[in-house]
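What follows is a set of notes on a single structure, which appears directly below.
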Number of protein chains: 2
Amino acid sequence: MNESVFKAMSDATRRKIIELLKDGPKSAGEIAEHFSHAQPTISRHLTVLKHAKLITDRREGTFIIYQLNTTVLQEWLIWLFDHFGGGEQDEEK
Amino acid sequence: MNESVFKAMSDATRRKIIELLKDGPKSAGEIAEHFSHAQPTISRHLTVLKHAKLITDRREGTFIIYQLNTTVLQEWLIWLFDHFGGGEQDEEK
DNA sequence: TTACTTATTAGCTATATAGCTATATAATGA
DNA sequence: TCATTATATAGCTATATAGCTAATAAGTAA
């Protein structure tokens with residue numbers, strides 16, 4: 001599994017961006033409105049998510065629209081379950 | 001969800017420690033043997049995992065035995081699925 | 001071209017993290 | 001008590017990260 005996905009998902013602001021994009025694509029400005037951070041700060045978070053391939057972007061006029069890459073997100077979840085899920089082991093209390 | 005769990009799981013060395021402990025409790029030394037890092041480096045990773053409550057420790061003589069806290073790990077996985085799983089949305093290609 | 005809007009990039013600061021070596025602590029056993 | 005073993009902590013360096021403001025880029029429209 002790509003380390004960059006773990007690093008991207010380890011930040012609360014970026015996780016909230018992912019949750020916002022679950023409701024559909026949004027422009028960088030729309031995303032930034034949900035936070036109290038400066039807009040360039042959110043832009044850099046978007047870059048981190050993009051490098052992890054968790055989101056894609058496309059330009060629409062002056063807007064840049066970000067969209068969730070559900071495939072990468074779900075492959076990450078599956079990887080996590082494969083490696084860390086269902087690991088009950090004998091309780092030898 | 002506790003931010004410290006995300007931070008703890010975002011490091012490849014710590015994830016490998018978690019995987020090792022899925023096979024059962026191990027001493028700090030046994031764990032360190034699986035890595036090429038210095039022993040204090042692994043000790044610090046164990047501290048990070050302990051603070052996230054992903055592992056517990058108990059002393060047995062001169063050894064300190066670490067054990068996976070499967071509850072915290074599984075609650076994390078469930079939280080992830082609740083927030084990020086099953087998020088298919090209309091493809092408007 | 002100029003002005004306006006949207007967003008990114010540059011450059012900075014402060015803090016966190018991962019690695020190391022050296023030292024300290026804690027238990028055991030002579 | 002002293003030595004040994006197992007492990008943690010202290011103190012350091014180098015790098016990464018998150019935040020900011022200021023500047024740049026790219027599209028639209030007059």
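A, B, ... follow the sequence lines: proteins, then strands. Residue 1 opens every chain.
In this structure, F63(B) belongs to a hydrophobic cluster whose other members, linked by side-chain heavy atoms under 4.5 Å apart, are I65(B). V48(A) belongs to no hydrophobic cluster with other residues, because no ILVMFWY side-chain heavy atom falls under 4.5 Å from its own, directly or through intermediates.
Among the protein residues, Y66(A) comes within range of the sugar-phosphate backbone only, with heavy atoms under 4.0 Å from sugar or phosphate atoms but none that close to a base.
Shortest non-hydrogen contact noted between L54(A) and A8(A) is CD1-CB, 3.8 Å.
Of the residues in residues 10-19 of chain B, not one places a heavy atom less than 4.0 Å from an atom of DNA chain D. Annotation: proximity of residues 42-55 of chain A to DNA chain D (heavy atom, distance under 4.0 Å) is found for R44(A), H45(A), numbered in ascending order.
Along DNA chain D, the stretch of nucleotides lying under 4.0 Å from any heavy atom of chain A spans, 5' to 3', dA18(D) to dT28(D).
With sequence neighbours excluded, no residue satisfies side chain to side chain contact (heavy atoms under 4.5 Å, CB included) with E33(A). In this view, S4(B) and N2(B) satisfy the side-chain hydrogen bond (donor to acceptor under 3.5 Å, both in side chains) rule, not counting sequence neighbours. Qualifying side chain to side chain contact (heavy atoms under 4.5 Å, CB included) partners for E30(A), counting only residues two or more places apart in sequence or in other chains: K26(A), S27(A). A search for side chain to side chain contact (heavy atoms under 4.5 Å, CB included) contacts involving E3(B) returns A12(A), R15(A), K7(B), not counting sequence neighbours. Every residue meeting the ring pair (Phe, Tyr, Trp, His ring centres under 6.0 Å) condition with F6(A), not counting sequence neighbours, appears here in chain and number order: W76(A), W79(A).
For residues 40-50 of chain B, the pairs satisfying side chain to side chain donor-acceptor pair (under 3.5 Å) are R14(B)-H45(B), K50(B)-D57(B), with sequence neighbours left out.
With a 6.0 Å cutoff to the six-membered ring centre and a 45° limit on the axis angle, K16(A) counts as a cation-pi contact of F35(A).
Toward the 5' end of DNA chain C, the nearer of the two residues K7(A) and A28(A), judged by each one's closest nucleotide, is A28(A).
I42(A) contributes atom CD1, which lies 11.5 Å from atom OH of Y66(A) (distance to the nearest 0.5 angstrom). Atom-to-atom distance recorded for T56(A):OG1 and L68(A):CG is 8.5 Å, nearest 0.5 angstrom.
Between the C1' atom of dA7(C) and the CG atom of D57(A) lies a distance of 11 Å, rounded to the nearest Å.
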Could you pull out the protein-nucleic contacts involving nucleotides 27-30 of chain C (nitrogen or oxygen on both sides, under 3.5 Å)?
none

